[in-house]
J.: 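Below are the structure tokens for one structure; questions will follow.
So that the names make sense, note that chain A is the first sequence line, chain B the second, and so on, each numbered from 1. Computed from a predicted model, the values in this text were never measured in an experiment.
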Protein chains: 2
Amino acid sequence: MPQKNVPAIVVGRLPLYLRTLQFLKNEGKRVTSSQELAERLGLTSAQIRKDLSYFGEFGKQGTGYAIEFLEEQLRGILNVNRQWNVFLVGVGDLGRALAHYRGFQANGFRLVALFDNAPKKIGGKVGDLTIHDTSAMPRVIAEKKLRIAILAVPAESAQAVAEQLVGLGVRAILNYAPVTLSVPPKVKVYYIDPVAALQGMTYYL
Amino acid sequence: MPQKNVPAIVVGRLPLYLRTLQFLKNEGKRVTSSQELAERLGLTSAQIRKDLSYFGEFGKQGTGYAIEFLEEQLRGILNVNRQWNVFLVGVGDLGRALAHYRGFQANGFRLVALFDNAPKKIGGKVGDLTIHDTSAMPRVIAEKKLRIAILAVPAESAQAVAEQLVGLGVRAILNYAPVTLSVPPKVKVYYIDPVAALQGMTYYL
DNA sequence: TAGATTGTTAATCGATTAACAATC
DNA sequence: TAGATTGTTAATCGATTAACAATC
């Protein structure tokens, strides 16, 4: 349950703190400080302390933060101290790649269903998942109580699919389609567009 | 050549404006307005006008913006009115997927070289590209004058590889490794981390 | 105790937005 | 001309940072 009114930009940094803590733990450390975290992340220590202060007091003056403890706290705040089942819509070029990607599973996001609307693809398999027709989405999403979608359909159909997903109770969309989606505020969308990212960098070249 | 001191966040929005213009053009439109763009992008029209004003005056009072003209201007500003050759380091699970992705090519970013350090992979092919040993990077990068890298190595080696790339003259890194890179300011890094993205969304679920 | 580092306040910095004169 | 929309200014809003008392 979101504590105060935490800015989205702060929430977006918490996963970075979390992964940095895991990294430090792997190095055998048990305690860290806002300064050490800041160095690793290219931020200021004040920002890290301020961000954490939205959620509670997790450190000790003079010594810093117990890594394992802070890690668990962040997992709790982010709701990632559990497994989330996710599904993918659009098994094209990109979708197929995403279905093969092991990083989701390795971090508690398990891909449990694939959908596409191309008759040729329906019934096909990617890994051990079968591609279902998009017409099966209402049933499967309800049965598996899915709330997180990965969207990898063409830009032209993304808005229509997103609307359908919202109607089916989806609350978070990781959107790989290069288009801004219009959805109700309760639905969160995160955009991943590597081409836009490259175009933003060539400006400086 | 960057005009004034344009905030990075503004530069980051230009690709979104560009792709929206392409979208509108595909719909047969020839003219648009800051208001129409704003609606499509979920921004305010004032922001769009302000952003564009960093670079010049591209519209006409009363009528708005000629789509094709503004598109060309933005391409010029972003330096994407040409083809860029890019290369990929790290041909694992994820790298392989990226190598197959056609979206780069389709938008003027041509993948021209693949590198990995696993002996088993060297000499192997992905599509019509051969995987080279990372030891060949200095030669290939110099020969092909490459300045844009896509980094898809494990988090543990990302920093070391990034430093090597910087030494070889790379100026832009699209980083898929879940770690913050420390590089000189002249080198631009863009981070893509779908797991962090999902973790930022589950906060709200 | 002395040194270190937190959590928090207040100041600063930067980005967004409202408003409107200019003008097509 | 009347209506529409730009480019820009100034106000507002929000995020970052510096500073420091509290305290381990």
Side-chain angles (χ1 to χ4, degrees), chain A residues 2-17 20-21 24 29-74 77 180 185 200 203, chain B residues 2-17 20-21 24 29-74 77 180 185 200 203:
Chain A
Q3 277 77 349
K4 308 178 206 176
N5 226 27
V6 184
I9 196 161
V10 171
V11 174
R13 277 192 295 263
L14 299 185
L16 311 187
Y17 300 164
T20 306
L21 290 168
L24 289 167
K29 296 216 171 71
R30 308 183 69 90
V31 171
T32 187
S33 65
S34 58
Q35 197 178 329
E36 185 173 41
L37 288 170
E39 269 167 31
R40 298 260 179 167
L41 286 162
L43 306 172
T44 66
S45 62
Q47 179 164 69
I48 288 173
R49 295 198 300 280
K50 180 116 228 285
D51 285 356
L52 295 177
S53 77
Y54 281 99
F55 306 98
E57 308 193 351
F58 306 114
K60 270 209 190 61
Q61 282 103 327
T63 55
Y65 302 93
I67 288 175
E68 191 125 5
F69 174 74
L70 182 53
E71 203 184 317
E72 265 325 294
Q73 295 298 308
L74 287 178
I77 292 163
T180 300
Y203 171 79
Chain B
Q3 277 78 348
K4 309 177 205 179
N5 226 29
V6 184
I9 196 161
V10 171
V11 174
R13 278 191 295 263
L14 299 186
L16 311 188
Y17 300 165
T20 306
L21 290 168
L24 290 167
K29 296 214 172 70
R30 309 184 68 90
V31 172
T32 186
S33 65
S34 58
Q35 196 178 330
E36 185 173 41
L37 288 170
E39 269 168 32
R40 298 260 178 168
L41 287 162
L43 306 172
T44 65
S45 62
Q47 180 164 68
I48 288 174
R49 294 197 302 277
K50 181 116 224 290
D51 285 356
L52 295 177
S53 77
Y54 281 98
F55 306 97
E57 310 191 351
F58 307 115
K60 270 210 190 63
Q61 283 103 325
T63 56
Y65 302 92
I67 288 175
E68 191 125 5
F69 173 74
L70 182 54
E71 202 184 316
E72 265 325 294
Q73 295 299 308
L74 287 177
I77 292 164
T180 301
Y203 170 80

J.: To the nearest Å, give me how far apart CD1 (B:Ile48) and P (C:dA18) are.
T.: 14 Å
J.: Can you tell me how far apart CZ (B:Arg40) and OG1 (B:Thr32) are? Round to the nearest 0.5 Å.
T.: 8.0 Å
J.: Determine which nucleotide pairs with D:dC24, using a 3.5 Å limit on both distances of a Watson-Crick or G-U wobble pair.
T.: C:dG3
J.: List, one per line, each side-chain donor-acceptor pair under 3.5 Å for residues 55-66 of chain B, sequence neighbours excluded.
T.:
unit_1: B:Thr63; atom_1: OG1; unit_2: B:Lys60; atom_2: O; d: 3.4

J.: With a 3.5 Å limit on both atom pairs, tell me what D:dT17 is paired to, counting Watson-Crick and G-U wobble, or say none.
T.: C:dA10
J.: Checking side-chain polar atoms at under 3.5 Å, does A:Arg49 have a donor or acceptor matched by the opposite partner on A:Ser53?
T.: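 There is no such pair (donor and acceptor under 3.5 Å, judged by atom type) between the side chains of A:Arg49 and A:Ser53.
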J.: In Å, rounded to the nearest 0.5 Å, how long is the span from CD of A:Gln73 to CD of A:Glu68?
T.: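 So the CD of A:Gln73 and the CD of A:Glu68 are separated by 12.0 Å.
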J.: When you measure from every atom of DNA chain C, which of residues 33-46 of chain B have a heavy atom less than 4.0 Å away?
T.: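 Heavy-atom cutoff 4.0 Å gives B:Thr44, B:Ala46.
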J.: Is there a side-chain contact (heavy atoms from CB on, under 4.5 Å) between A:Leu74 and A:Leu52? Walk through the geometry before answering.
T.: CA-CA 9 Å; A:Leu74 287 178; A:Leu52 295 177; 4.1 Å; yes
J.: Just how far, in rounded Å, is P of C:dG7 from CG of A:Leu52?
T.: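 In whole Å, C:dG7 P lies 7 Å from A:Leu52 CG.
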J.: Identify, between A:Lys60 and B:Lys60, the residue whose nearest nucleotide on DNA chain D lies closer to the 5' end.
T.: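 Upstream on the strand: B:Lys60.
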J.: Is the shortest side-chain heavy-atom distance between A:Leu24 and A:Lys29 below 4.5 Å?
T.: yes
J.: Compare the minimum distances between each of C:dC20, C:dG7, D:dT23 and the side chain of A:Glu57, then state the nucleotide with the smallest one.
T.: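 For the A:Glu57 side chain, the nearest candidate turns out to be C:dG7.
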J.: Side-chain contact test, heavy atoms from C-beta onward, threshold under 4.5 Å: evaluate it for A:Leu70 versus A:Tyr17 and give yes or no.
T.: no
J.: Please figure out whether B:Tyr65 or A:Thr63 has its closest DNA chain D nucleotide nearer the 5' end.
T.: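 Here B:Tyr65 is the residue nearer the 5' end.
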J.: Tell me: CZ of A:Arg49 to P of D:dA21, nearest whole Å?
T.: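 Taking atom P of D:dA21 as the reference, CZ of A:Arg49 is at 15 Å.
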J.: Got a second to check how far A:Ile48's CD1 is from A:Glu39's CD, nearest 0.5 Å?
T.: 10.0 Å
J.: If I take atom CD in residue A:Gln61 and atom P in nucleotide D:dC24, what distance separates them, rounded to the nearest angstrom?
T.: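 After rounding, the reported distance stands at 6 Å.
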J.: How does protein contact run along nucleotides 9-15 of chain D, one letter per nucleotide 5' to 3', with B for base contact, S for sugar-phosphate only, - for none, heavy atoms under 4.0 Å?
T.: B-----S
J.: So which atom in A:Ala38 and which in A:Ser45 form the shortest heavy-atom distance, rounded to 0.1 Å?
T.: CB-N, 3.5 Å
